[in-house]
Structures are given as structure tokens and as C-alpha cells.
Protein chains: 2
Amino acid sequence: MADARVGRLASQHRDAAEPPPVSYGVLGRLLGFHLRRSQTAVAAHVMDRVNPEDAITPGLFGALEVIAANEGLAQSDLAKAMGVDRSSIVKAIDQLEARSLIQRLPSDRDRRRHRLCLTPAGRATCARLRERFLAQEAVFLQARLSAEEVETLMGLLERLHGAADPACLA
Amino acid sequence: MADARVGRLASQHRDAAEPPPVSYGVLGRLLGFHLRRSQTAVAAHVMDRVNPEDAITPGLFGALEVIAANEGLAQSDLAKAMGVDRSSIVKAIDQLEARSLIQRLPSDRDRRRHRLCLTPAGRATCARLRERFLAQEAVFLQARLSAEEVETLMGLLERLHGAADPACLA
DNA sequence: TATTGTTATACTCTATAACTATA
DNA sequence: TATAGTTATAGAGTATAACAATA
């Protein structure tokens with residue numbers, strides 16, 4: 001998902017109106033279209049500036065951050081929080097563990113469960129990435145929206161999906 | 001799961017709060033997170049009610065709609081409009097053509113190009129899907145936001161990505 | 001030389017189903 | 001029986017690189 005299209009639109013071989021005035025039809029009135037394009041644009045911007053050092057994806061950082069905010073949670077809980085099947089989490093956990101950012105620790109209450117915990121290195125990396133993601137999103141957003149508009153947008157999106165953060169108050 | 005018999009199993013680790021109060025940490029302040037969750041939620045809602053009859057995806061409908069709004073455009077133009085590589089479009093076009101919704105017609109100006117055009121059936125299907133997508137998005141949105149808030153949201157997202165519709169005025 | 005469509009290939013993300021070990 | 005983690009597998013969706021035909 002590199003999406004590094006910073007390249008030029010080289011075709012200058014025609015006269016005046018080069019860019020084909022393609023119409024999006026009804027897509028301009030479909031929220032799903034705008035959501036997808038916006039999500040892609042933000043992810044591409046952040047990935048282009050965060051990835052080089054850490055080779056991390058937004059999804060992988062999301063998992064790391066949720067583990068950091070809920071140390072000791074089980075993989076099933078993480079999957080539920082991320083809105084994916086528990087089988088889809090395994091490889092992500094594998095990657096984070098292979099980088100020594102997290103550990104699967106045994107639970108003594110229930111020997112089926114793995115308690116997901118950050119390593120000291122994981123805590124440091126997570127803290128660094130957290131600032132990186134916040135900072136780079138800010139760069140992207142500040143070029144396009146006012147601070148107030150960003151707040152409005154966040155609030156509307158939060159109401160759109162149900163995955164708000166009831167425990168974020170703590 | 002209808003948890004009718006609470007007395008038996010419910011006491012282990014399900015004492016007071018049934019849903020694990022997982023915190024999302026900083027994700028709640030990251031627009032990328034909210035965009036992804038919202039996009040997934042809208043797509044799932046629409047897919048669940050549009051798909052059964054037509055077996056179409058938002059992406060496939062998007063391609064169909066752009067072709068409908070720009071009949072005769074080339075595959076490269078469609079790819080550019082959709083924001084993907086031209087090689088990624090081929091299979092989508094194949095599918096739409098296999099369902100007899102569109103045709104690849106030869107261009108007499110440039111024999112490398114294929115002019116993408118809808119069949120009569122494609123025009124009918126596109127019109128039907130267009131209403132379906134609009135209607136089902138409306139169902140989803142009306143349960144969550146006011147009409148004014150939807151307008152605000154659309155406007156903000158449109159400014160977030162650059163893929164606005166300059167020709168949508170027509 | 002550059003562009004269009006195409007193919008081969010690979011990689012990511014995701015889901016389903018089945019397995020195991022626990023509970 | 002039900003749950004937690006895992007594996008195998010499959011299917012979208014995307015990208016890169018190379019190719020033939022054409023410009």
C-alpha cells in the first residue's frame with residue numbers, strides 16, 4: 001500500500017486543456033466514495049513519512065497502540081476492538097512480536113489466553129510512533145482544514161461508526 | 001447471544017461489565033482511524049442490502065458509474081479517475097464486461113485505446129444501483145446524522161482529498 | 001521514445017473452516 | 001459445549017515489471 005504517486009503527469013503533448021475533465025457522476029454525492037478517498041489520502045501521507053524508519057503500517061500501529069492502552073488484553077479482545085476476526089490478528093501479533101515490540105505472556109487465570117504486553121522497547125517505539133502519527137496527520141490536516149473543522153469532522157465520524165471510546169475517559 | 005441464564009456462567013469474569021472496556025488510546029484522536037472505521041461501516045451497511053441481487057461491490061459500482069458519466073473514456077483515464085494503477089483496472093473491466101454491463105469498443109483515433117461504453121442493460125443496471133446506493137447510504141446516515149451534518153461532512157471530506165468533481169455541476 | 005492495454009507475479013488484508021487445548 | 005489461539009486456504013484489491021501494439 002505504498003501509494004507513492006508523487007510523479008509528474010508528464011503528458012504535455014496536447015494543447016490547452018490537458019487534464020481530462022472526468023465526471024464522477026453520483027459518486028460526488030456518495031459518502032462512501034469520499035470516505036475511501038480521504039482514508040487513502042491520509043494513510044498515504046502518513047505512510048510516506050512514518051514508514052521509512054519503522055516499516056510500520058497504520059493497522060500495525062493501531063494494534064500496538066491498543067495493546068499499549070490495555071496491557072494484558074487477550075488476542076480476542078484486540079480483534080474485537082479492531083473490528084476484525086480473531087484469526088486475522090495472529091499475523092499482526094506475530095510481526096509485532098518478531099520485532100520484539102510485544103510479548104505473548106501466559107495467563108494464569110485461563111491457560112488458553114495470551115496476555116499481550118509491550119516490551120520496554122515496544123513502549124518506547126509506540127510512544128515515538130504515536131507522536132509521529134499525530135504530527136504527520138496534523139501536517140496533512142493543517143494544509144486543508146482549520147482546527148475547528150478538524151474537531152467537527154472527528155466528531156461526525158465518531159458518530160458515524162459506533163467504535164467510540166467509552167473507556168477513554170480513564 | 002441471548003444471555004438468558006445468567007446464574008451459571010456469568011460469574012467467572014463477567015461480573016459487572018460484560019463488554020471489555022477496551023481503550024483505543026490515541027486512536028480516538030487520529031483521523032485515519034475514524035475514517036477507516038466509518039468507511040468500513042458504510043460499506044458493510046450498503047453491501048448487505050445492495051449486494052444480494054447484483055453481487056456488486058462499491059468499487060465495481062464506482063467504475064460503472066464513472067464510465068456512465070464519461071462514456072467512451074479509456075481505461076487509463078478511468079484508472080486515473082479512480083486513483084489506481086491502470087493494471088489494477090483490467091480485472092474490474094473484465095468483470096463488468098463479462099456481465100454485459102459495458103463494452104470495450106475500438107477507438108478510431110488511437111488504436112491502442114479502448115473506448116469504455118455501457119450496454120443498454122448496463123445503463124439500466126447502473127441507474128438502478130445508483131438509486132440503491134443513494135437510498136441505502138441515506139438509511140445509514142439518517143440514523144446517525146442530520147441532513148445538515150451530512151452536508152458538512154461531505155464538504156469537509158471533499159476538501160480532505162483532492163478528488164473533487166469539477167464537472168459535477170453539469 | 002512514450003503510451004495503452006495486458007499479463008505474470010507478489011504482497012497485504014480479510015474471512016471461513018477446521019484443528020488443539022483448554023474451560 | 002463453548003472459547004482462545006492457530007493454521008490452511010481462499011478471495012479481494014493493489015502494485016511493479018515486462019511485453020506487444022501503436023503512437
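Letters A, B, ... mirror the listed sequences (proteins, then strands); counts begin at 1.
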Please state how far atom [atom1] in [X] lies from atom [atom2] in [N], giving the value in whole angstrom units.
X: B:I93; N: D:dT14; atom1: CD1; atom2: P; result: 13 Å
X: A:H114; N: D:dT3; atom1: NE2; atom2: C1'; result: 13 Å
X: A:R115; N: D:dA4; atom1: CZ; atom2: P; result: 16 Å
X: B:L96; N: C:dG5; atom1: CG; atom2: P; result: 15 Å
X: A:L105; N: D:dG5; atom1: CG; atom2: C1'; result: 15 Å
X: A:D85; N: C:dT12; atom1: CG; atom2: P; result: 20 Å
X: A:R113; N: C:dA23; atom1: CZ; atom2: P; result: 11 Å
X: B:I89; N: C:dT7; atom1: CD1; atom2: C1'; result: 16 Å

Quick check against the 3.5 Å criterion: does [X] have a side-chain atom that pairs as donor or acceptor with the backbone of [Y]?
X: A:T119; Y: A:L101; value: yes
X: A:E65; Y: B:V26; value: yes
X: A:E97; Y: A:R104; value: yes
X: A:E149; Y: B:L156; value: no
X: A:R159; Y: A:G155; value: no

Could you pull out every donor-acceptor pair under 3.5 Å between side chains of residues 66-73 of chain B and any protein atom, sequence neighbours left out?
{"from": "B:N70", "atom 1": "OD1", "to": "A:S23", "atom 2": "N", "distance (Å)": "2.7"}
{"from": "B:N70", "atom 1": "ND2", "to": "A:S23", "atom 2": "O", "distance (Å)": "2.6"}
{"from": "B:N70", "atom 1": "ND2", "to": "B:V66", "atom 2": "O", "distance (Å)": "2.7"}
{"from": "B:E71", "atom 1": "OE1", "to": "B:L118", "atom 2": "N", "distance (Å)": "3.1"}
{"from": "B:E71", "atom 1": "OE1", "to": "B:R123", "atom 2": "NH1", "distance (Å)": "3.4"}
{"from": "B:E71", "atom 1": "OE2", "to": "B:R123", "atom 2": "NH1", "distance (Å)": "2.3"}

>> With a 4.0 Å cutoff (strictly under), does any side-chain N or O of B:Q75 reach OP1 or OP2 of C:dT3?
In response: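 For C:dT3, OP1/OP2 do not have a side-chain N/O of B:Q75 under 4.0 Å.
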> Just one of A:H34, A:Q39, A:R144, A:R36 clears the side-chain contact (heavy atoms from CB on, under 4.5 Å) bar with B:H161, so which one?
Replying inline: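 Exactly one pass, corresponding to A:H34.
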>> Once you apply a heavy-atom cut-off of 4.0 Å, does B:A74 come out as touching a base, just sugar-phosphate, or nothing?
In response: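 Sugar-phosphate, backbone atoms only, no base.
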> Does the pair B:R29/A:E151 count as a salt bridge with the N-to-O cut at 4.0 Å?
Replying inline: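 The answer is yes: the pair qualifies as a salt bridge.
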> Are the charged groups of B:R128 and B:D54 less than 4.0 angstrom apart, N to O?
Replying inline: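 A salt bridge is present here (some side-chain N lies under 4.0 Å from a carboxylate O).
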> When you check every protein heavy atom under 4.0 Å of nucleotides 18-23 of chain D, what one-letter string (B, S, -) results, 5' to 3'?
Replying inline: B--BBS
> When you check every protein heavy atom under 4.0 Å of nucleotides 8-13 of chain D, what one-letter string (B, S, -) results, 5' to 3'?
Replying inline: -----S
> Counting side-chain heavy atoms from CB outward, which of D:dA4, D:dA15, C:dG5 is closest to B:S76?
Replying inline: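 The nucleotide sitting nearest to the side chain is C:dG5.
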